[in-house]
There are 2 protein chains.
Amino acid sequence: MSATHLHVPVPVPADNDCPVREVLDIVGNKWSVMIVVLLGRRSYRFNELHRSIEGISQRMLTRTLRLLVRDGLVARTAYATVPPRVDYELTDLGRTLLEPLTALSGWADTHRGDIRAARQRHDSA
Amino acid sequence: MSATHLHVPVPVPADNDCPVREVLDIVGNKWSVMIVVLLGRRSYRFNELHRSIEGISQRMLTRTLRLLVRDGLVARTAYATVPPRVDYELTDLGRTLLEPLTALSGWADTHRGDIRAARQRHDSA
DNA sequence: CCGTATCCCTTCTGATACTG
DNA sequence: CAGTATCAGAAGGGATACGG
């Protein structure tokens, strides 16, 4: 620890140049995490994901997968068979994301009660 | 490393009942993380935050702070002085969030290059 | 089977002006 | 100093129908 002022030299993030924001832009949308978590177990075909994720529309599944592929987190493999078959799986990069995601999930599990309580306290006041 | 194959025990999330989503709804918006990180260092007054976070509007600062207070992550202390003075600081709960957030930030730092590369590969193809 | 194309609605965010 | 109010644009997301 520093002697006089114990101050972390981390600069103020400048909006665009903030690494955390970059992850959150990837993972912050409604379905990304769910998809990544599922693909963390095994590879899935398109309609398999569609059935496994309750409430997602075909449109959003396509869109979200495209983003994840673009960011190099998910690999898409299309087979030119009839009927067509497309497999999605995590890349090595995608798999590395599981750990911090699990940390966040753990935090949520541990503290969701506190959060609900805080909300109720706040909303009743 | 102790784990042989870091396996994620997270069950299939059911949209509303997904703990990760709950955190991401808190932390996924544009300014929350930046505020939490700043308050992780020390307490701030309103305009101090306003000056420290480049690009945020008064409106969004207020709104985001309100959300964080509601969720019990940030404490607001108003002094009835003239001129008025309001201090914001992390609660104990808020401080616990710093760790998983740092994990995510670390991931971003480590892999932002890979992501940029993947994007360029994808966008040129 | 694996997507696209449209349309529409809601939420989020920003700019600006004003107040206790 | 620490906010509110109002308005408007952008982005996220969903429903439905159609295509290779």
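Just so it is clear: chains get the letters A, B, ... in the order the sequence lines come, proteins before strands, and each one is counted from 1. Just so you know, these numbers come straight off a predicted model, no measurement behind them.
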Going by an N to O cut-off under 4.0 Å, is there a salt bridge joining B:Asp87 and B:Arg76?
-> no
Hey, does the side chain of B:Thr62 reach the backbone of B:Gln58 with a donor-acceptor pair shorter than 3.5 angstrom?
-> yes
Rounded distance (Å) that lies between atom P of C:dG3 and atom CD1 of A:Ile56 | 13 Å
Which pair of non-hydrogen atoms, one from A:Thr102 and one from A:Leu98, has the smallest distance, and what is that distance?
-> OG1-O, 2.6 Å
Side-chain N or O of A:Tyr88 less than 4.0 angstrom from OP1 or OP2 on C:dC1?
-> no
A:Arg21 side chain to B:Lys30 backbone, donor-acceptor under 3.5 Å = yes
Spacing of A:Ile26 atom CD1 relative to D:dG12 atom C1', expressed in whole Å = 17 Å
Gap between atoms CZ and C1', on A:Arg85 and C:dG3 respectively (whole Å) | 16 Å
Between A:Leu61 (CG) and D:dG12 (C1'), how many Å, whole number?
-> 16 Å
Figure out the CE/P separation between A:Met60 and C:dT4, and round it to whole Å.
-> 13 Å
What's the NE2-C1' distance between B:His50 and D:dG3, to the nearest Å?
-> 11 Å
Starting from C1' on C:dT13, measure out to CD1 on B:Ile53 and report it in whole angstrom.
-> 15 Å
Would you give a per-nucleotide map of nucleotides 15-20 of chain C, 5' to 3', where B means the base has a protein non-hydrogen atom under 4.0 Å away, S means only the sugar-phosphate does, and - means neither?
-> B-B--B
Any idea which heavy atoms bring A:Ala108 and B:Val20 closest together, and the distance?
-> CB-N, 4.3 Å
Any B:Lys30 side-chain nitrogen or oxygen under 4.0 Å from OP1 or OP2 of D:dA11 = no
Got a sec? Which of residues 62-71 of chain B come in under 4.0 Å of DNA chain D, heavy atoms?
-> B:Thr62, B:Arg66
Check: B:Trp31 and B:Leu61 side chains under 4.5 Å, non-hydrogen atoms = no
How large an angle, rounded to 10°, do the end axes of the helix from C:dC1-D:dG20 to C:dG20-D:dC1 enclose when each is built from five base pairs?
-> 50°
Is there a side-chain polar atom (N or O) of B:Asn29 under 4.0 Å from OP1 or OP2 of C:dC12?
-> no
Of all heavy-atom pairs between B:Leu90 and B:Arg95, which one has the smallest distance, and what is that distance?
-> O-NH1, 3.4 Å
When every non-hydrogen atom of B:Gly72 is compared with those of B:Thr91, the smallest separation belongs to O-OG1, 2.6 Å
Could you give me the CA-CA distance, side-chain angles and deciding distance for B:Val33 and B:Leu104, then say whether side-chain contact (heavy atoms from CB on, under 4.5 Å) is met?
-> CA-CA 11 Å; B:Val33 170; B:Leu104 210 64; over 6 Å; no
For the residue pair A:Tyr88 and A:Leu39, what are the closest heavy atoms and their distance?
-> O-CD2, 3.5 Å
Correct closest heavy-atom pair for B:Ser43 and B:Glu89 would be CB-CB, 3.8 Å
Atom-to-atom span, CD1 of A:Ile35 to P of D:dG13 - whole angstrom | 11 Å
